[in-house]
Each structure stands twice: as structure tokens, then as C-alpha cells.
Protein chains: 2
Amino acid sequence: MAGSLKELSELSGYSMNTVSRALRDEDDVKPETKAAIRNLAQQMGYTPNRVAKSLRLGKTNTIGVVSADSANPFFAEVIIGIEDAARSRNHHMLLVNTEEDPARELEAIEVLLGRQVDGLLLIPVCGERNNSEYLKTLSIPFELIGRWLPGLEEHSVLTDEYEKANEITSLFAKNGHRDILHLSGPTFVSGSLDRLRGYRDALEEAGIPFRDNLVVMTDGHAEDGYHKTYEAIQSELNFTAIFSFNDLVAVGALRALKECGYRVPKDVEVIGFDDLDYSRFLHLSLSSVRIPKQQLGRVAFEELYEHMRDKSKTYGRRTLESRIMFRETTLFD
Amino acid sequence: MAGSLKELSELSGYSMNTVSRALRDEDDVKPETKAAIRNLAQQMGYTPNRVAKSLRLGKTNTIGVVSADSANPFFAEVIIGIEDAARSRNHHMLLVNTEEDPARELEAIEVLLGRQVDGLLLIPVCGERNNSEYLKTLSIPFELIGRWLPGLEEHSVLTDEYEKANEITSLFAKNGHRDILHLSGPTFVSGSLDRLRGYRDALEEAGIPFRDNLVVMTDGHAEDGYHKTYEAIQSELNFTAIFSFNDLVAVGALRALKECGYRVPKDVEVIGFDDLDYSRFLHLSLSSVRIPKQQLGRVAFEELYEHMRDKSKTYGRRTLESRIMFRETTLFD
DNA sequence: TGCCATAATATTAACGTTAATATACAGCCA
DNA sequence: TGGCTGTATATTAACGTTAATATTATGGCA
């Protein structure tokens, strides 16, 4: 099926080099020769061996994508954006998952380096134990997506999470809410911090005292959003609005609110973050912050690509704009 | 950073071969020699070049994964299963998307072959124009996941979709429903046919005449589920139950029903398919068919792996069992 | 002592490319 | 006629591995 230049060379009578150049459509091969060789190649279904090419050229046209949590529809969409951009630049993607485990992340990077990827795109693990020091020693270009690591801020492609979290909370405050529950994300995610900070700062700006117990940490998934909200209600924590770390958690929260007899948005207003595809179609169309997920992936790839082309280019943070979508789980607009 | 055997050889004074054998922990290298070489390797941060290894061995330890639609959370989960299984077998995954386009699929396969993947896992495009004939000519092992192609049935890992569709429809019929709307999937997906067939056969078994207009085709996404259901209601199509192709479509349908003032499950019962993670947490917890998505990916990889190890092994269809989850959008259980 | 087996290491070639360099043969001009 | 230019092709080496084969030293045994 595959064949090789050598084989083509023997069959055609031309040297391997000429065959190679003919197939790559280089200049100094006579047109008739080219045609003959290409015909032959087609006839025997020759496919060039990209592994050999990679070895020879020291370039694989492959990037490594290390995702911390691709079960999350958010990152799934980011990855689609990456794939899309990579394809249009004739690159491919080796995808590895880490499940938020720094050791697995480290291993993933190492093995991808062994596979000679030309660059690395990471949704990095951000906890206490992270690989930022190791990342700093990397000799190939890399970008972090949707998260940042201390000391590597310039390597990130982010969105304006702080600003939007702040804006949302301010709006709640302006509309009279004083007890705003924040279902925060896991501490090991940098976005949790940004969103929490936005929330906290907005409270302060509004002159509302920050209360610890109104911040409830979740793992970022629906199940936990449900449980934590349920518990919050049971513990008679009073709140009239929920700012949720993401849509998944918000969906869980909505469910808990319903079970406990709260009407949304009348009794409790709810807003999510990320704006997943289906959030709009929920029983109550979910208000959320629309993050351009695919674009995040695309921009990250393009950024990486620039650095792969010019290794000396300096890194600079990119921040994409998101947009608050007011729907049925909130009153204001 | 990387270095090479040659470099290690020069620095250590041993031949490249000895260095290679030492690092691979082969038998006939003196323990002290091994230790010395490995120390040195560690010291200079040597990482073996897997591209060179692949070329030499004619084996990349890489599989190609061709997904028709990874925006779909269903396939996203399947891919997690693949990745998981692959990793535990020391394999990696080149992921390519086709967006249900047969031409892109063909191109993807060709380029993956050029990259010398050891096997191929596909969520294939199934329409009129599909690549089944081309697939038949492939010289590397491949498996199709969650879909089948005529003439390649033995290459598929599937679930009992027909049976479950039949069971669901029968249950609806048994519970007195005579006007059961089927929001079917796109015709280019083999699962649409299986689910439709299950629906149709169950009606026949129940002595209910099949009516064309009670089958409404959707593209498999929430948006379309919403629109098609909305239209169905507007066109005064009477129905008391909905059997939806998948959960996404069901979510859209639920939304439309709500907007039109129908109460679920009292006025209309609804059941989905796939059982996506969050379906359980909807305002009305969605009844659905739980397909073991990650397992689907894992089994597919394992099946592929067997064939990569033993090229002469004959192919055989695998069918995984799914399970109907009765929740709040249906009355029976 | 001489031979053989064994252990440890070295040499060589190959995987399929591509780049650098070399060769062969025109045609052209002085 | 001799040398020069340019076109078309060929040869060689290299990328970093590993497998097959070769070499060397060592010890045991008759």
C-alpha cells in the first residue's frame, strides 16, 4: 500500500532524490519526468512517510494538547477550536488528558516532548502542586489556555473573567441583592480565583460586607452544584441570588432550588458562566457569560504557531472578550 | 535539552548500541555500565526520540481517532474512554474532526496513514456518500464506534439501540399512548435508523399504525429539537409522548413543550437517549437511555489493540448493553 | 597450553526521508 | 577548440533509533 521513494526510484529508473523532488513539485525536475513519477506514485498508491520526513526535518507538524478535564464540555469546545486552527495550518494534535493530576500532566508533557511535538497547548493543572517551574524550562513554545500560572502569565490566552464576575455581582448588588451566594470553582483552577475576586471586589465597591459562608466551593460539575446548593438551603443560609462558577454548577443549583420550592428568578436569581450550548434551552433559559470557547482554542493555536515559526518572539498575554447573556434566570437586563 | 544516543555514546565512551541497550534495560549490559549510562542520561536530561524509534521499528504506538462530531458531548465522552484505554497501553491518539463531511473524513484517514498510525478508530460519516469502500482497502486495523457502515458491520462497537428504542416505544404503547412522536436523528447517522426501526417495530407489535408525520427528523442538537417540536405543536400534530433521538434534542423539546404550555410528564411524556451527564439535573430530570459512553471508547480501543497485535484476527461486532433510566419526564417505571 | 563457551561491548546497516554536493551533458560564445 | 553556463539528474550523508552481526576479553575445562 505505502511503498517508498526507493521503490519508486527503482520502478521509475530515476534516483530517489529526483523522485522526492518530483513529488514535492520542486523546480529543477523536467515536467515530463515529474508527470511520469507522479503517475507511477499514484498508480501504486504511494503515501509519503511523514515519520521519516519528521525525523529528517526535525519537525513533526504536530502539537501536543494537554487537557486537564476534557469531560468538561467547555474544554471540549476549546479543543474543537484548536483542531480547527491546527488543521488549517497543516498541523495535527496529540491529545492527552490529565484529570487535574499534576503528575499525569508532567508525564504527558515529557512523553509529548519525546514525540517531538513542535509546540504545546495546555489547559494546565493550577493547584499548589503545579508544573510551572518545569514549564519554564521547556525549549519548545507553549501556551496555556483559559487558565494562568504564576510566573507564566504571559503564556496564557484568557478571557475577561474578573471583569465579568465583577460586573455580574455589581448588577446583582445594584438590583438590591445583598445576600449573593457564590458557588465558586475548585481552588486549583485559576479561573475560580479570578471570578471570586471579581465577586469580592464588586461587593466591596457596593459597600456590601463580604461573608465567607456565602462562598461555597464546588468541583465545577452539576452534581456538586446540586449538592452544595441543597446544603446551603438546608443550613438556612439566606440568599436571593446565585453567581455560579459555571453553567454546569448552575444547572445543579437550579435543580436544588426547584426541589426546595424556590422560584427562579422570582425568589432567587441565578447566573452561570461559560454559556454552554444547551444552557439556552433549559426549562429556564440560563443567564450566563458567553465565553468564545472555540475562538479561545483557535487564538491559542495561532499564538503558538507564531512562536513555532519564530522561536525568539516574546510572549504576551491574550485576553478575549466575553459577553453576559441575560436570559430567564435573572430579572434585569 | 534532548540530546541523542550518539552524544551519550561520546560522553560515556560506550558505543551507541550499548547506550541504547542500557537505557532499554536489556540483559547483556553490565549493571555498572547501565548505571553509569543512565546517570549520565538523567544528568543531561536525555529524552529518547520516539520519532526515530517509530521509523526504525515501523510502529508509532499511535492511533488515529477520526470523530465526526466532537462538539457532541456524547462523542466527547467516548473519546475520553479511548484516551484512557490508549494511555494504559502506552499509546497515543491523533485526533481529527470531520464535521460529518465524507471528504474531510477521507482526507483525515489518508493523512493519518501517512503519519503511520498503527490503527484507526472512527466515528464514521454514514450518509449516502461514505467511505466504506475505501475503508475496506485499508491495510491497518480499524474499528467504528457507535455507528455502522454497510459491509463493515463486523468492524463496529455498538450498543443495543434497536432493542432499547423498541422497549421504550413498547412501554409508551403499553401505557396507553397511541400518538408517539419520534424526534429522529439525521439520516446520515446509522443510530437514527436503528432507533427509528425500534420505534416502528414496536408500534407494529402493539398494533398501532405507523404514521409518517409522527416522525420528525432533527439534526441531533438542542436547537433543532426545540424548533421541530415547536413546529410540530403549531401544526396541531397531536401527540402524548415523545421518544427523542438523543438528550440534546430532548432538552430542546422540553423547552418547546414548556413554552407552549404543556406539562411534562402529565400532558406529554418525554424520553431521551444517551443519558448525558447533566440530563439528570435538569428542571425535570430527564428519562433517558444510559449508554456506557466511556466504555464504548475503551472497548473500541481494546478491540483495535487486539487487531494491532494480531493482524490476522478476524473482526467481530461488539455490542454493549445500555440501560433505560426512568426519571421525571416519564410516568412509568 | 590450547580451545571453547560466555559475557560484554562494538560495528554495521537499515528504517524513509531531504539537503548538500557532485556529475553529466547540452548549447553558447570568444 | 576550450571553457563557461545552465539544466537535469545522481550520489552521498544525515536525522536518531534498533537489530543483526562481529569483535574482544575472560574464565573454565580437558
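Below, chains carry the letters A, B, ... as their sequence lines are ordered, and counting in each starts from 1.
Distances shorter than 4.0 Å separate some side-chain N or O of A/Thr33 from OP1 or OP2 on D/dT9.
Residues satisfying the salt bridge (Lys or Arg N to Asp or Glu O under 4.0 Å) test with A/Asp27, not counting sequence neighbours, are none. Residues satisfying the ring pair (Phe, Tyr, Trp, His ring centres under 6.0 Å) test with B/Tyr305, not counting sequence neighbours, are B/His91, B/Phe301. Every salt bridge (Lys or Arg N to Asp or Glu O under 4.0 Å) that B/Asp84 has, sequence neighbours left out, goes to B/Arg87, B/Arg298.
If you take CD of B/Glu10 and P of D/dG16, they are 11 Å apart, rounded to a whole angstrom. Look at CG on A/Leu8: it is 12 Å from P on C/dG16, rounded to the nearest Å. Straight-line distance from the NZ atom of A/Lys34 to the C1' atom of D/dT7: 13 Å, rounded to whole Å. Counting to the nearest Å, the P atom of C/dC15 and the CG atom of A/Leu57 are 19 Å from each other. Computed from coordinates, the A/Lys30 NZ to C/dC25 C1' distance equals 12 Å when rounded to whole Å. Separating the CD atom of A/Glu7 from the P atom of C/dC15 is a distance of 11 Å, rounded to the nearest angstrom. A/Lys53 places its NZ atom 10 Å from the P atom of C/dT17, with the value rounded to the nearest Å. Counting to the nearest Å, the C1' atom of C/dA19 and the NZ atom of A/Lys59 are 17 Å from each other.
Contacts with DNA chain D (heavy atom under 4.0 Å) in residues 13-28 of chain B: B/Met16, B/Asn17, B/Ser20, B/Arg24, listed by number.
For residues 50-82 of chain A, no residue pair satisfies the ring pair (Phe, Tyr, Trp, His ring centres under 6.0 Å) rule, not counting sequence neighbours. Within the structure, the side-chain hydrogen bond (donor to acceptor under 3.5 Å, both in side chains) test picks out the following pairs touching residues 104-114 of chain B (sequence neighbours left out): B/Glu105-B/Asn131.
Distance from the side chain of B/Leu5 is smallest to D/dT17 among D/dT17, D/dC15, C/dC15.
Using a cutoff of 4.0 Å between basic side-chain nitrogens and carboxylate oxygens, B/Arg317 and B/Glu153 are not scored as salt-bridged.
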